[in-house]
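Working notes for the structure below.
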Amino acid sequence: LLEGTHYLPGADMADVAWKLVATNLSDLAAKGAEPLGVLLGHQLGRDDDAFLAGLAEVLAHYNVPLLGGDTVAGGGPQAHGLTAIGRATHKPVPSRSGAQIGHGLWVTGPLGDAMLGFEALRDGTNADHTAYSRPLALLPQGQTLAPLVSAMMDVSDGLLLDAFRLAEASGVTLAIDSAAVPVADLARRMECLRWGDDYQLLFTL
């Protein structure tokens with residue numbers, strides 16, 4: 001995560017730590033994997049105590065150990081790296097490339113909550129911003145879906161872009177009924193389909 005790109009300057013560093021871990025665990029969820037631990041690369045900076053508190057909180061939430069990593073002092077925007085290590089719970093491990101002609105396209109939940117949360121933080125309103133600042137990795141859902149799906153990935157860059165990536169990897173064309181996609185704001189449906197950071201699972205079966 002890079003300050004000013006993946007989170008707003010001045011963000012609560014406890015939230016940044018949570019997001020750093022959860023977004024990487026979401027990649028494991030998309031593989032139906034069980035997390036074994038994480039490796040952290042952290043640039044020392046403002047409010048490291050809050051970052052460590054948030055890190056402890058998210059690791060306890062997912063019952064995932066910190067296996068090691070490194071810290072560095074530096075200037076400019078803060079940068080944080082994390083590698084999540086997991087173990088497959090089902091083989092073959094779901095990939096983006098298995099979608100088949102005639103299969104349906106599904107998503108685990110509504111899209112656009114992160115967009116609304118980002119706007120709440122940016123504009124300083126009292127609206128709920130949890131979906132953006134503390135996303136959830138859908139590990140149980142991924143493990144349940146792994147034996148059933150033909151392809152699966154998480155929605156980190158928006159449904160339309162990620163669905164394109166899945167289609168391209170699978171060598172198929174996807175037809176999306178936008179009216180059937182669950183969204184957080186019906187009046188802004190297309191924005192919800194384009195915005196990322198929701199970390200729902202997108203899959204075919």
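Once rounded to the nearest 0.5 Å, the distance linking CG of Leu160 with CD1 of Ile176 reads 5.5 Å. The CG atom of Leu20 sits 9.5 Å away from atom CG of Leu25, with the distance rounded to the nearest 0.5 Å. Rounding to the nearest 0.5 Å gives a distance of 7.5 Å between OG1 of Thr108 and CG of Leu145. Interatomic distance, Leu116 CG to Thr125 OG1, rounded to the nearest 0.5 Å: 10.0 Å. Between the CG atom in Leu40 and the OG1 atom in Thr71 there is a gap of 8.5 Å [rounded to 0.5 Å]. With rounding to the nearest 0.5 Å, the separation of CG in Leu28 from CZ in Arg87 is 11.5 Å.
Looking only at side-chain heavy atoms (C-beta outward), Val155 and Leu201 stay at 4.5 Å or farther from each other. With contacts defined as side-chain heavy-atom distances shorter than 4.5 Å, the pair Val21/Val64 does not qualify. You'll find the side chain of Asp185 reaches within 4.5 Å of the side chain of Cys192, heavy atoms only. Contact of the Arg194 side chain with the Met115 side chain is not registered, since no non-hydrogen atoms from C-beta on lie closer than 4.5 Å. Side-chain contact between Trp18 and Leu59 is absent, with no heavy-atom pair separated by less than 4.5 Å. At a threshold of 4.5 Å between non-hydrogen side-chain atoms, the residues Met153 and Asp162 count as touching. Pro182 places none of its side-chain heavy atoms less than 4.5 Å from the side chain of Leu111. Looking at Thr23 and Pro135, their side chains come closer than 4.5 Å, going by heavy atoms from C-beta outward.
Ile85 and Val58 fall into different hydrophobic clusters, where Ile, Leu, Val, Met, Phe, Trp and Tyr residues are linked whenever their side-chain heavy atoms come under 4.5 Å apart, directly or through other members. Cluster annotation: Met152 and Leu174 are assigned to distinct hydrophobic clusters (Ile/Leu/Val/Met/Phe/Trp/Tyr, side-chain heavy-atom contacts under 4.5 Å, transitive). Residues Val38 and Tyr62 share a single hydrophobic cluster, defined by chaining ILVMFWY side chains whose heavy atoms lie under 4.5 Å apart. Both Val107 and Val183 are part of a single hydrophobic cluster, where members link through side-chain heavy atoms under 4.5 Å apart. Neither Met190 nor Phe118 shares a network with the other; the hydrophobic side chains, linked directly or stepwise wherever heavy atoms of I, L, V, M, F, W or Y lie under 4.5 Å apart, form separate groups for each.
A distance-only check finds a donor-acceptor pair linking the side chain of Glu3 to the backbone of Gln78 [under 3.5 Å]. Within the 3.5 Å criterion, the main-chain N or O of Pro94 finds a donor-acceptor partner in the side chain of Lys31. With hydrogens and angles disregarded, a donor-acceptor distance shorter than 3.5 Å links the side chain of Ser170 to the backbone of Leu166. Looking at Gln143, its side chain does come within 3.5 Å of a backbone N or O of Ala33 through a donor-acceptor pair. Between the Asp177 side chain and the Ala179 main chain, a donor and an acceptor come within less than 3.5 Å of each other. Of the possible donor and acceptor atoms, one in the side chain of Lys19 sits under 3.5 Å from a partner among the backbone N and O of Tyr132. A distance-only check finds no donor-acceptor pair linking the side chain of Asp154 to the backbone of Tyr199 [under 3.5 Å]. In this structure, the side chain of Thr89 engages the main chain of Gly32 through a donor-acceptor pair within 3.5 Å. Using modelled atom types, no side-chain atom of His61 and backbone atom of Glu57 make a donor-acceptor pair closer than 3.5 Å.
Here the shortest heavy-atom pairing between Leu205 and Phe203 reads CD2-CE1, 3.6 Å. Arg122 approaches Leu8 most closely through the heavy-atom pair N-CD1, 3.8 Å. Across all their heavy atoms, Asp12 and Ala14 have their closest contact at OD1-N, 2.9 Å. For His129 against Asp15, the heavy-atom pair with the smallest separation is CE1-OD2, 4.2 Å. In plain terms, the two heavy atoms of His42 and Asp48 that are nearest each other are NE2-OD1, 2.9 Å. Here the closest heavy-atom approach between residue Phe51 and residue Ala17 is recorded as O-CB, 3.3 Å.
Salt-bridge check for Asp157 with Arg165: passed, with a basic side-chain N closer than 4.0 Å to an acidic carboxylate O.
Between Tyr7 and His80, the ring center distance clears the sub-6.0 Å criterion.
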Residue pair Thr204, Val149: steps toward the side chain to side chain contact (heavy atoms under 4.5 Å, CB included) verdict: CA-CA 6 Å; Thr204 58; Val149 302; 5.8 Å; no

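Counting only N and O atoms by type, the side chains of Asp128 and Thr130 include a donor and acceptor under 3.5 Å apart.
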